[in-house]
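To start, the structure under review is shown below, and the notes come after it.
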Protein chains: 2
Amino acid sequence: MRQSQMFIPTLRETPTEAESLSHRLMLKSGMIKQLARGIYAYLPITQLVLNNIQDIVREEMMNIGGAEVHLPVLHPRELWEESGRWEAYGKELMRIRDRHDREFALGPTHEEVITSLVRDELKSYKKLPLTLFQIQTKFRDELRPRFGLLRGREFIMKDAYSFHIDEDSLDKTYRDMYDAYSRIFTRLDLNYRAVEADGGSIGGSHTHEFMALADIGEDTIVYTDESSYAANIEKAECTPPKERSTEEMLETEKISTPDIGTVKELADFLDTDLTLTTKTMVVKTDDGLKMIVIRGDQELNDVKVKAYFDTEMIDMAADEEITAELNAAPGSLGPVGSPIPVYLDYQVEAMRNYPVGANETGYHLLNVNHERDFEAAGTGDFRFINEGETVADGSGPAKFMRGIEVGQVFKLGTKYSEAMDFNVLDQNGRAKPVLMGCYGIGISRVLSAIVESHHDDKGIYWPKSVTPFDIHLITANTKDETITGTAAEIYDILSKNHRVLYDDRNERAGVKFADSELIGLPVRIVVGRGAKDGIVEVKGRLDEESAEVRITDLTSYLADNDYA
Amino acid sequence: MRQSQMFIPTLRETPTEAESLSHRLMLKSGMIKQLARGIYAYLPITQLVLNNIQDIVREEMMNIGGAEVHLPVLHPRELWEESGRWEAYGKELMRIRDRHDREFALGPTHEEVITSLVRDELKSYKKLPLTLFQIQTKFRDELRPRFGLLRGREFIMKDAYSFHIDEDSLDKTYRDMYDAYSRIFTRLDLNYRAVEADGGSIGGSHTHEFMALADIGEDTIVYTDESSYAANIEKAECTPPKERSTEEMLETEKISTPDIGTVKELADFLDTDLTLTTKTMVVKTDDGLKMIVIRGDQELNDVKVKAYFDTEMIDMAADEEITAELNAAPGSLGPVGSPIPVYLDYQVEAMRNYPVGANETGYHLLNVNHERDFEAAGTGDFRFINEGETVADGSGPAKFMRGIEVGQVFKLGTKYSEAMDFNVLDQNGRAKPVLMGCYGIGISRVLSAIVESHHDDKGIYWPKSVTPFDIHLITANTKDETITGTAAEIYDILSKNHRVLYDDRNERAGVKFADSELIGLPVRIVVGRGAKDGIVEVKGRLDEESAEVRITDLTSYLADNDYA
């Protein structure tokens, strides 16, 4: 394609409003333009890359037996009421009324629509399993759209949904998807990790996130160099301490602590280490208030608490609620004599003679011991893991890194089939709710993730699998007929087997070279003064120097150097 | 692909709610499912066909130098206010508010967005011409969605926009587009005509519609067998009569016609032919009321009237307005003594001694003659053409047919560039508004048009260019291992070079055959009892009989018969 026919409005200056590297590079290389906050137009280079990404995703989905569909953007309110998400989804769900005053959502995800679509048609286990996927524009009214395509309000997703009669079948498709995702991200040349992630109230190992490593990543991934272990920090398990304190139990003592509101103040007051103190927290769950005691230096992990209590609702109890129920200020709470159930983090369970609030405002108890002084209703893992701790598979110390979530696979179980009355007859003629899985890839996010990891100080360099063109052919001077004639000939020849971007613009060579490095095609061929002697200059995007190549040798040179 | 993995919910019964043949067939063959009025899910067969259609469209757009983009669905209100269409578009424009109460339109077309996108980047004629296109879901809140995908509220469009410094450049791209559209519709195997269409107030030959012939078509096309002439009836020119009446002018006579309200009643009362009478109509334009006189047997053509007066607004005057201005009831109007300008249709201009209303309720004038009895402000073509009349190029008698609009090419001129302040510097350094063209293809409409014209009483038959699969491979009996083994082998071999749908379902042969004819792949291969002797049955979708073919000869047989 002739560059004069493309629309690639590169910038000379680095745009200052961009908040991430990929955002800056995509603006600078003329790939995207913002129309409104979090809403972007994809210009020709972007569209070519997106088409390539989509082809790879489509191919791998079909390889595991997925059938492609295209579902509506407009979702009737009634469907989202069936699942209960019309209310629950909140302000991120964009809502619209049609001319007859009927309400619709702009689809941010398609569980409701796909379930309503197949439940009328699939009545027997014989039609299962089934995997449907689509690639489509989705909408989410983010409170703070940012980082360009990384967190937009209008974005492109591949979403897939699978339907099963039993867990074994769901497991198989889940594994197929996991493997397909691994192939996809490998083909896209992303440095990724599949990590255990929070699956909301479903919990367990029912979901994995595929994270592309990047400094801009909004998620923290816990990994270790000793094994393939990786998990989102929200999910990364802390192992119970191997050793328990064997200290002799000392006598409990009640002390006055009128000015102490935080655990830090308590440790200072007692002149002891934070690791020897405890924090008592009260959370609200579907099943009422629960008290949780963790070590003083640790942070409570909401996601783990939510999964532990298998609760939809999870919130810190308000001060009024605490005072009403426990008759003490939040800074003086403790497990001894608590009227609500007490749960201990594994670390606290291994401790002895620790301080706790006295459940009396302005007082603490020292040398408290569970079992002797109070009974815990349960113990568990309620905190975030720290760098250096041994990871859950026991293989080595935890390290942290940042990642961009580019995909997620998820076992939904019967959540939607039960809410939306989707049953099939099993082998014994009994109606059974269908098991479902859902599997997403953020296509426009993937694009950003590729840019985040494929650039140098001059611009982008595209992986061959998604590059918008194979070859950048450039005339150094459009006034010289030998040069333009030679370039046109080379263009015709190379176009037979390659996708060539031919910079025929009447611009200075320096401008063309700078644009070329910004755009980042794998190889650049410059037709300049050497043309009269049958010579052109060839340079791989990451090469330091260009090579002089005889035009007659050009095709074999490109092949030999694996340029195109 | 294995049919057990596809989702093709065919119906045994013909759905009664469907209003068009393509709608019925697409429901019956499991291609689409309605989610809400005018909003459909596209199931796997449909998606495969759509991907093929889109590939053809994309290829032809790129062949004429178009660059693909992807523009947002959400359009800020401010942009549509710049063009004046936020108000003008009416209820068909779907509108939404985000969480910050900002208003957006769901894009039904992208003139505003594309103009705002390029105006900041294109500052010089040197960057022109430029053609950008996209393939995207669009939204139009139709008052009466119907005919399945033919008139939906959410639909897929290819839209292209071109930008030019002068008319010559616009003309060239317009012709390139016209030719590309012709190639596209030919490749899609549509029987189509490119017709002159109404271009709204731009008028002239600035727009052509591409109409696919089909009985369900909502448009009437005027054509002739004698030439390539074709036009939408709204636009088809009527030629002025060659002969003018040479009757002697008779004396005007005023008669009482108290019970006469229609021209039919007048003709009966005068015992004369309708063709010798006239009708007087009053229309409201931007420039006030206008009186138009046409022959009594003809129908007024709004679109022509609108173009004639170059008016945005066109409406029949209300009775009160007529009475207020002309002091007579609508049934008694006439040009003699009219206080508003009078325009004659060409046919009336050729008449003499005709009756008209007297502009006095309950009275008519006989033997009226223009020039003698009143002065016309103008003459023109204000009516619809009739079958049998000579068409505008003079080549032969007009014939009518019905068609589905599948594409339109349109010279916008400077309408949007002027409204939205989009200028470039020309060769002389002067700012000039950019000339624009826009070019649409209704991708999901095209799909319906193909089905409307490719079916028999058993189902669809797909053109090879868009067929979802090349070959339908069917096992007649899934319990017979020779059959299933042979089919699996054939599937593996044929899949190397063809897209094969392999019906491996445990269904009766009759069900599979009926489904196969509904789905309509070009050729069907049945593996049945003959398998043990190395024989299968091959039948082209439109063949009456199937042929027995040795499996060893299968590939060459398919090629020789041009089946796949």
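The figures here come from the full heavy-atom set of this structure, side chains too, leaving out hydrogens, waters and symmetry mates. Throughout, protein chains are lettered first and strands after them, A, B, ... in sequence-line order, and every chain is numbered starting at 1.
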[X] portion near chain B, given a 4.5 angstrom heavy-atom threshold:
X: A/Asn506; result: neither
X: A/Glu92; result: both
X: A/Leu143; result: both
X: A/Met6; result: both
X: A/Leu106; result: side chain
X: A/Leu48; result: side chain
X: A/Arg102; result: neither
X: A/Glu142; result: backbone
X: A/Leu122; result: side chain
X: A/Phe139; result: side chain

Counting heavy-atom pairs under 4.5 Å with chain B, which one of [options] comes out on top?
options: A/Leu128, A/Leu50, A/Asn51; value: A/Asn51
options: A/Gln34, A/Met62, A/Arg58, A/Glu78; value: A/Arg58
options: A/Ile39, A/Leu71, A/Leu74; value: A/Leu74

**Interface moiety of B/Met1 toward chain A, non-hydrogen atoms closer than 4.5 Å** =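 The answer is the side chain of B/Met1.
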**Message:** Taking side chain as everything from C-beta outward and backbone as N, CA, C, O, which of these in B/Arg2 sits under 4.5 Å from a heavy atom of chain A? Side chain, backbone, both or neither.
**Reply:**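 Interface part for B/Arg2: neither.
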**Reported CG-to-CZ distance for the pair B/Asp141 and A/Arg99, which is rounded to 0.5 angstrom** =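 Here the interatomic distance stands at 5.5 Å.
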**Asked** What distance separates A/Thr46 OG1 from B/Glu68 CD, expressed to the nearest 0.5 Å?
**Response**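 Interatomic distance, A/Thr46 OG1 to B/Glu68 CD, rounded to 0.5 Å: 11.5 Å.
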Could you tell me if the side chain of [Y] sits less than 4.5 Å from the side chain of [X], heavy atoms only?
X: B/Leu117; Y: A/Leu35; result: no
X: B/Gln5; Y: A/Leu130; result: no
X: B/Glu121; Y: A/Lys33; result: yes
X: B/Leu132; Y: A/Leu43; result: no
X: A/Arg95; Y: B/Arg97; result: no
X: B/Asp98; Y: A/Lys91; result: no
X: A/Arg505; Y: B/Lys126; result: no
X: A/Thr137; Y: B/Gln136; result: no

**Prompt:** Around B/Lys28, counting heavy atoms of other residues, nucleotides and ligands shown, do more than 12 lie under 6.0 Å from its NZ?
**Reply:**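 It does: B/Lys28 NZ has more than 12 such atoms within range.
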**Request:** Kindly check if the number of other-residue, nucleotide or ligand heavy atoms within 6.0 Å of CZ (A/Arg12) is above 12?
**Result:**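 Correct, the count exceeds 12.
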**Request:** Apply the test side chain to side chain contact (heavy atoms under 4.5 Å, CB included) to residues B/Tyr42 and A/Val69: give CA-CA distance (whole Å), side-chain angles for both, the deciding distance (0.1 Å), then the verdict.
**Result:** CA-CA 6 Å; B/Tyr42 304 156; A/Val69 296; over 6 Å; no
**Prompt:** Between B/Phe104 and A/Ala36, what is the shortest heavy-atom contact and its length?
**Reply:**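 Of all heavy-atom pairs spanning B/Phe104 and A/Ala36, the closest is CE2-CB, 3.8 Å.
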**Asked** Between B/Ala67, B/Pro72, B/Pro44, which has the largest tally of heavy atom pairs under 4.5 Å with chain A?
**Response**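 It is B/Pro72.
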